[in-house]
*Asks:* 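Here's a structure for you.
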2 protein chains.
Amino acid sequence: MTTLHGSPTFRPLYEQIKILITQSLVSGEWKPGEIIPSEIDLAKRYKVSQGTVRKAIDELAAENILVRRQGKGTFVATHTEEKRKYYYLRLFNESGEKEEPVSELLTWNKIKADAKMAHVLGVRKGSPLIELTRVLRMNGKPVIYDEIRLSPTLFKGLTAAKINEFQGTIYSLYETLYGLRIVQAEERLKAIPASPKVAGHLGLKAGEPILSIERVALTYGDKPVEWRVSLCNTENHYYLNEIG
Amino acid sequence: MTTLHGSPTFRPLYEQIKILITQSLVSGEWKPGEIIPSEIDLAKRYKVSQGTVRKAIDELAAENILVRRQGKGTFVATHTEEKRKYYYLRLFNESGEKEEPVSELLTWNKIKADAKMAHVLGVRKGSPLIELTRVLRMNGKPVIYDEIRLSPTLFKGLTAAKINEFQGTIYSLYETLYGLRIVQAEERLKAIPASPKVAGHLGLKAGEPILSIERVALTYGDKPVEWRVSLCNTENHYYLNEIG
DNA sequence: GAGTGGTCTAGACCACACC
DNA sequence: GTGTGGTCTAGACCACTCC
């Protein structure tokens, strides 16, 4: 690979390497949980120095796309491993613990994308979407009511049965069954009154305050994969955010 | 500086450099907004290679403690500069814009630290604290009611008059008048019903849902400086969180 | 042109995991 | 021991800013 220094559209070599590595992740050459070639091998493959590969991997590791393990190698991050399992769940109980949620699927429906869904999911208005609703219980009590919307183009053949029989979180289902790894999410939070329906699911009275978390989840290359809204009973839990 | 490789308490050189740089920041050798010595000069000073200094600065820049500017130098980050001015304010209006808040100080009081305040602010139970309350208006309308608690040990002589006459955000006040730069914050969010008092300040009815944001703000070395709770009317605003 | 940070290289050696 | 990532060095050259 030749340097592009001095070129009008200057891009550092390591960024180009990042793109090449990401392409191999998207194409499935290296799957979640698998090891990727060593830095030395990648340096040979891309015809750059080990230091340049290192910088590319450093940034991908900082973005939680790869995981380095000294003495072992570099691995594709996965939602299957314990540490990342509930990475996107920001709810803690009053003791500061993250409780293991138990999910119950309530409904599975085909709906049509309105203007907003079309925009955030990058599909045409009126195109079909899958809509799931579920309740997450922590310590036996319902805490979160989820409404999840997915494009059936990305999730071909996703049925309620498939979801119910799958062992693991829904993001590890995306990953395992559809090769879609969630690497980023954007959440918008509001305090809203509980509707009668949601209040019923969460054991609250209608009108009581609940935390609404609207999320867009993205895969490699900022591609939107999922929209959801999580309605949370925050009587005994809080949403934690650390601002660095 | 000699390498500690092989030592039982192995610490990479660049981490030691990070600590040394941070010490100079705490001691005030380099103040917010000021330039620090060039990488080459720091390398000479600490008797390490430029690459090692570079890695230390890289991490401090990633932590928003330093700011690199190509061709100019490396600077101590500051809340005074436009980009960082409202960095810890995560509230956006429905158009996705961050609105400029206007602050009105409501009360200034001396209180005593209860067990919780003592714990989070690292002071003795019963020791004096300063308590401020204020309202933040956006676009003329009250959106946030703040309750802020500070240790008078760190903020000697902080009076209501001093706050009122200060031009700029309260974090730039901490920085300019007391040399305390906020570099990190931990926020705990809940949806709660508005109390009659807070409802009055925010133009809501008592019991309507508001977003409660409890924040502990830290300076260098994870030292707590401020506790606050922000009670937000999220009818026309949302709290944004990007999870990487 | 001089000085700063940014990129890239090549090579040495250390720490860690696995055999 | 071998192979992996992690640290550290020295040096070259590029890009940006200011004079």
Side-chain angles (χ1 to χ4, degrees), chain A residues 1-21 24 30 33-77 81 83, chain B residues 1-21 24 30 33-77 81 83:
Chain A
M1 176 165 307
T2 61
T3 177
L4 287 186
H5 277 179
S7 142
T9 55
F10 169 62
R11 263 247 172 103
L13 251 184
Y14 72 85
E15 279 191 16
Q16 303 179 44
I17 305 298
K18 268 182 79 173
I19 293 171
L20 291 173
I21 292 174
S24 290
W30 308 315
E34 289 181 3
I35 193 169
I36 72 169
S38 74
E39 294 178 353
I40 293 171
D41 289 348
L42 287 174
K44 282 180 199 152
R45 168 166 168 170
Y46 299 130
K47 297 195 170 53
V48 297
S49 77
Q50 187 186 353
T52 301
V53 170
R54 166 161 282 274
K55 175 137 187 172
I57 293 178
D58 274 347
E59 296 209 346
L60 290 168
E63 295 166 29
N64 293 312
I65 289 173
L66 297 177
V67 177
R68 323 191 70 140
R69 292 198 200 121
Q70 191 177 63
K72 291 188 179 174
T74 302
F75 299 77
V76 184
E81 60 183 313
K83 249 195 73 180
Chain B
M1 177 164 306
T2 62
T3 176
L4 289 185
H5 277 177
S7 141
T9 55
F10 169 62
R11 262 250 171 102
L13 252 184
Y14 71 86
E15 280 190 16
Q16 303 179 44
I17 306 298
K18 269 182 79 173
I19 293 170
L20 291 173
I21 292 175
S24 291
W30 309 314
E34 288 180 3
I35 192 170
I36 72 169
S38 74
E39 293 178 353
I40 293 171
D41 288 349
L42 288 174
K44 282 180 200 152
R45 167 166 169 169
Y46 299 130
K47 296 198 170 49
V48 297
S49 77
Q50 187 186 355
T52 301
V53 170
R54 166 159 282 274
K55 178 139 185 171
I57 293 178
D58 274 348
E59 295 208 347
L60 290 169
E63 295 166 28
N64 292 313
I65 289 173
L66 297 177
V67 179
R68 323 190 71 141
R69 293 200 198 120
Q70 190 175 48
K72 290 188 180 176
T74 302
F75 299 77
V76 184
E81 61 184 313
K83 252 194 74 181

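Chain identifiers are assigned alphabetically (A, B, ...) following the order of the sequence lines, protein sequences preceding nucleic acid strands; residue numbering begins at 1 within each chain.
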*Asks:* C:dC8, D:dG5, C:dG6: which one has an atom nearest the side-chain heavy atoms of B:Q70?
*Replies:*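 Looking only at side-chain atoms, B:Q70 lies closest to C:dG6.
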*Asks:* Atom CD of A:Q16 and atom C1' of C:dC8: how far apart are they, to the nearest Å?
*Replies:* 12 Å
*Asks:* Can you measure from CD1 (A:I21) to CD1 (A:I65) and round to the nearest 0.5 angstrom?
*Replies:* 10.5 Å
*Asks:* B:Y46 OH to D:dT7 C1': how many Å, rounded?
*Replies:* 19 Å
*Asks:* A:I40 CD1 to C:dA10 C1': how many Å, rounded?
*Replies:* 12 Å
*Asks:* Do you know the tightest heavy-atom contact between A:I19 and A:R11?
*Replies:*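 Of all heavy-atom pairs spanning A:I19 and A:R11, the closest is CD1-NH1, 3.6 Å.
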*Asks:* Side chain of B:R54, heavy atoms from C-beta onward: which of D:dT9, D:dG6, C:dG5 has the nearest atom to it?
*Replies:* C:dG5
*Asks:* Specify the residue among A:G51 and A:K72 whose closest nucleotide of DNA chain C lies further upstream toward the 5′ end.
*Replies:*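 Checking each residue's closest nucleotide, the 5'-ward one belongs to A:G51.
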*Asks:* Can you find a side chain N or O atom of A:Y14 that sits less than 4.0 Å from OP1 or OP2 on C:dT7?
*Replies:*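 A:Y14 to C:dT7 OP1/OP2: side-chain N or O found under 4.0 Å.
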*Asks:* Whole-Å distance between C:dA12 C1' and A:Q50 CD?
*Replies:* 12 Å
*Asks:* Whole-Å distance between C:dC13 P and A:E39 CD?
*Replies:*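 Answer to the nearest Å: 19 Å.
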*Asks:* Is there a side-chain contact between A:T52 and the phosphate of C:dT9, meaning an N or O under 4.0 Å from OP1 or OP2?
*Replies:* yes
*Asks:* Classify B:R69 by what it touches in the nucleic acid, base, sugar-phosphate, or nothing, heavy-atom distance under 4.0 Å.
*Replies:*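 Sugar-phosphate, backbone atoms only, no base.
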*Asks:* Hey, does the Lys NZ or Arg CZ of B:R68 hover above the aromatic six-ring of B:F75, less than 6.0 Å from the centre and inside 45° of the axis?
*Replies:*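 Judged by the rule (NZ or CZ under 6.0 Å from the ring centre, within 45° of its axis), B:R68 is not positioned above B:F75.
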*Asks:* Roughly how many Å is it from CZ in A:R68 to C1' in D:dT4, rounded to a whole number?
*Replies:*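 It works out to 10 Å between those atoms.
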*Asks:* Distance check needed: D:dG3 C1' versus A:I35 CD1, whole Å only.
*Replies:*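 Result: 10 Å.
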*Asks:* For the residue pair A:T52 and A:I17, establish whether any side-chain heavy-atom pair is separated by less than 4.5 Å.
*Replies:* yes
*Asks:* Please determine, for the side chain of B:K55, which listed nucleotide (D:dC8, D:dT7, C:dC8) has the closest atom?
*Replies:* D:dT7
*Asks:* Which whole-number value in Å describes the distance from A:F10 CZ to C:dG6 P?
*Replies:* 11 Å
*Asks:* Looking only at heavy atoms, what is the nearest atom pair of A:V76 and A:I36, with distance?
*Replies:*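 It is CG2-CG2, 3.7 Å.
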*Asks:* Given D:dT4, is OP1 or OP2 found less than 4.0 Å from the side-chain N or O atoms of A:T74?
*Replies:*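 Answer no for this pair, as no side-chain N or O of A:T74 is under 4.0 Å from OP1 or OP2.
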